[in-house]
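Working notes, structure below.
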Amino acid sequence: MTTPAPTAIEDLDEQANFDALIAAEQRIEPRDWMPAAYRKTLIRQISQHAHSEIIGMQPEGNWITRAPSLKRKAILMAKVQDEAGHGLYLYSAAQTLGITRDEMTEQLIEGKARYSSIFNYPTPTWADMGAIGWLVDGAAICNQVPLCRASYGPYGRAMVRICKEESFHQRQGFEILLTLMQGTEAQRDMAQDAVNRWYWPSLMMFGPPDDESPNSAQSMQWKIKRFSNDELRQRFIGMLVPQAEILGITLPDPELRWDGDHWHTSEIDWTEFHEVLSGRGPMNAVRLQNRRAAHEEGAWVREAAVVYAAKQAAKQEAAA
Ligand code: 3HC
């Protein structure tokens, strides 16, 4: 696969320079020349990543008022606040590519933007907080650590801090499940039920199988993606198996086994994946409706900020 040909003579040199930077493991920065297709796929991936962080606040936000203790409430609040921050870092990284925050927000609110499929599932019990931390943030770590080395500077740098916070997210989820698994039979059943519901959707987070991934090959050639969807999915499973043993949790795949060079699994239900991507998941409509409502309810804050900024600018002009 080769980068789409440059359209003008001067771009030939620029293209050669870009290719040399990528080959030398150098970072591409916002002011550098880059192929239009490179910019386009970065805007696509980074904005989706940002949307995922913001929508991802909802499943856990649903339990902040119902956490079983003050300690758990404090931890969950910290995690949800972290996700908001991750979204802001990533929106800022996307903005360096020429798209505005308003454009991205509008795309999300109008249902025209993708966000991670995983956030379209319900969280009916407290154990879901454990399963999300352990599985969803665990998958996020597998996917995001390589992104710290993404060729686009602002994206890779945003990932460094996000990954540090993601590790805390994953550990607190593991600890919730461990506490439940050391509790009553009902608590153990609740934890196992949550893992049964979140396990397969967490495998889908890594994207379709490599042979059905239209973006992977080019993203890997541009060193945005460092590993393929299936490679990271395998790495995630390899991380889960020993941790599930410590938890005493059964991963809900009777065919799961190490066959010498990779993890053999049951078939992943890609029909479910595409249904969720098409907006027909259990919670898609609720997630978007909540995001729209939050945007509308927050309009006064944006208006106040604009008026304040204008007044400040007028004051400075008058003082100049
Ligand atoms: N959910 C929604 N859409 C998905 C998806 C998923 N889990 N996996 C793939 N897709 C979409 C892709 O966006 C692409 O559609 P598009 O061309 O319209 O954008 C299509 O399915 C084909 O997938 P590809 O594998 O070809 O696409 P990519 O090369 O972009 O790979 C990806 C998909 C692995 C999700 C990649 O975009 C990526 O690594 N993104 C950054 C990480 C990210 O977004 N993680 C989401 C979760 S954030 C999170 O977990 C936060 C934590 O704090 C909880």
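Please read all numbers here as calculations on a predicted model, not as lab measurements. Atoms within a ligand are numbered from 1 in the order they appear, just like the ligands themselves.
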What do you reckon, is [atom1] of [X] surrounded by more than 12 foreign heavy atoms closer than 6.0 Å?
X	atom1	value
Glu25	CD	yes
Arg101	CZ	yes
Glu185	CD	no

With a heavy-atom distance limit of 4.0 Å, tell me whether [X] approaches ligand 1 through its side chain, its backbone, both, or neither.
X	result
Asp137	side chain
Gln45	side chain
Val276	neither
Leu277	side chain
Asn143	side chain

Top protein contact for [atom], by heavy-atom distance:
atom	result
atom 27 (O) of ligand 1	Asn215 ND2, 3.2 Å
atom 34 (C) of ligand 1	Phe206 O, 3.6 Å
atom 13 (O) of ligand 1	Gln48 NE2, 2.9 Å
atom 30 (O) of ligand 1	Arg44 NH1, 2.9 Å
atom 1 (N) of ligand 1	Ser117 N, 2.8 Å
atom 52 (C) of ligand 1	Glu166 OE2, 3.6 Å
atom 35 (C) of ligand 1	Met205 O, 4.0 Å
atom 53 (O) of ligand 1	Glu83 OE1, 2.7 Å

Check whether any N or O atom of [X], backbone or side chain, sits under 3.5 Å from an N or O atom of ligand 1, and answer yes or no.
X	value
Lys79	no
Pro208	no
His169	no
Arg114	yes
Ser213	yes
Glu53	yes

Are any of the heavy atoms in Phe227 under 4.0 Å away from ligand 1?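 Not so, Phe227 does not reach ligand 1.
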Should Pro214 be listed as contacting ligand 1, given a heavy-atom distance under 4.0 Å as the test?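 Per 4.0 Å heavy-atom rule, Pro214 contacts ligand 1.
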Relative to [atom], which among [options] owns the nearest non-hydrogen atom?
atom	options	value
atom 9 (C) of ligand 1	Gly207, Pro59, Ser219	Gly207
atom 33 (C) of ligand 1	Lys225, Met57, His274, His51	Lys225
atom 5 (C) of ligand 1	Tyr155, Phe119, Phe273	Phe273

Candidate list Glu166, Glu165, Glu60, test salt bridge (Lys or Arg N to Asp or Glu O under 4.0 Å), partner Lys79, passing option: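 For Lys79, the salt bridge (Lys or Arg N to Asp or Glu O under 4.0 Å) check succeeds only for Glu60.
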Can you find a side-chain donor-acceptor pair between [X] and [Y] that sits under 3.5 Å?
X	Y	value
Gln172	Glu175	no
Thr125	Asp128	yes
Tyr121	Arg197	no
Gln15	Asp19	yes
Asp230	Gln234	no
Tyr155	Gln45	yes

Answer yes or no for Arg287 and Phe119: cation-pi contact, defined as NZ/CZ to six-membered ring centre under 6.0 Å and angle to ring axis within 45°.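 Relative to the ring axis of Phe119, which defines the angle, Arg287 lies outside at least one limit.
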Counting from 1, what ligand 1 atoms have a heavy atom of [X] closer than 4.0 Å?
X	result
Met204	7 (N)
Ser116	1 (N), 2 (C), 7 (N), 46 (C), 47 (C)
Ala140	50 (O), 52 (C)
Tyr115	1 (N), 2 (C)

What's the verdict on salt bridge (charged side-chain N to carboxylate O under 4.0 Å, His left out) for Glu296 and Arg292, showing C-alpha distance, side-chain angles and the deciding distance? CA-CA 6 Å; Glu296 284 154 18; Arg292 286 188 192 107; over 6 Å; no
Assign the ring pair Phe236 / Phe206 to parallel, tilted or perpendicular, where the plane angle (0 to 90°) is split at 30° and 60°.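 Tilted.
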About how many Å separate CD1 of Ile64 and CE of Met57, when rounded to the nearest 0.5 Å?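 Reported to 0.5 Å precision, the distance equals 8.0 Å.
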Point-to-point distance, once rounded to the nearest 0.5 Å, from CG of Leu21 to CH2 of Trp33: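 The CH2 atom of Trp33 is 11.0 Å from CG of Leu21, to the nearest 0.5 Å.
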I'd like to know whether Glu110 forms a salt bridge (charged side-chain N to carboxylate O under 4.0 Å, His left out) with Lys112, so could you lay out the CA-CA distance, the side-chain angles of the two residues, the decisive distance to 0.1 Å, and finally the verdict. CA-CA 5 Å; Glu110 290 178 4; Lys112 293 178 188 151; 2.5 Å; yes
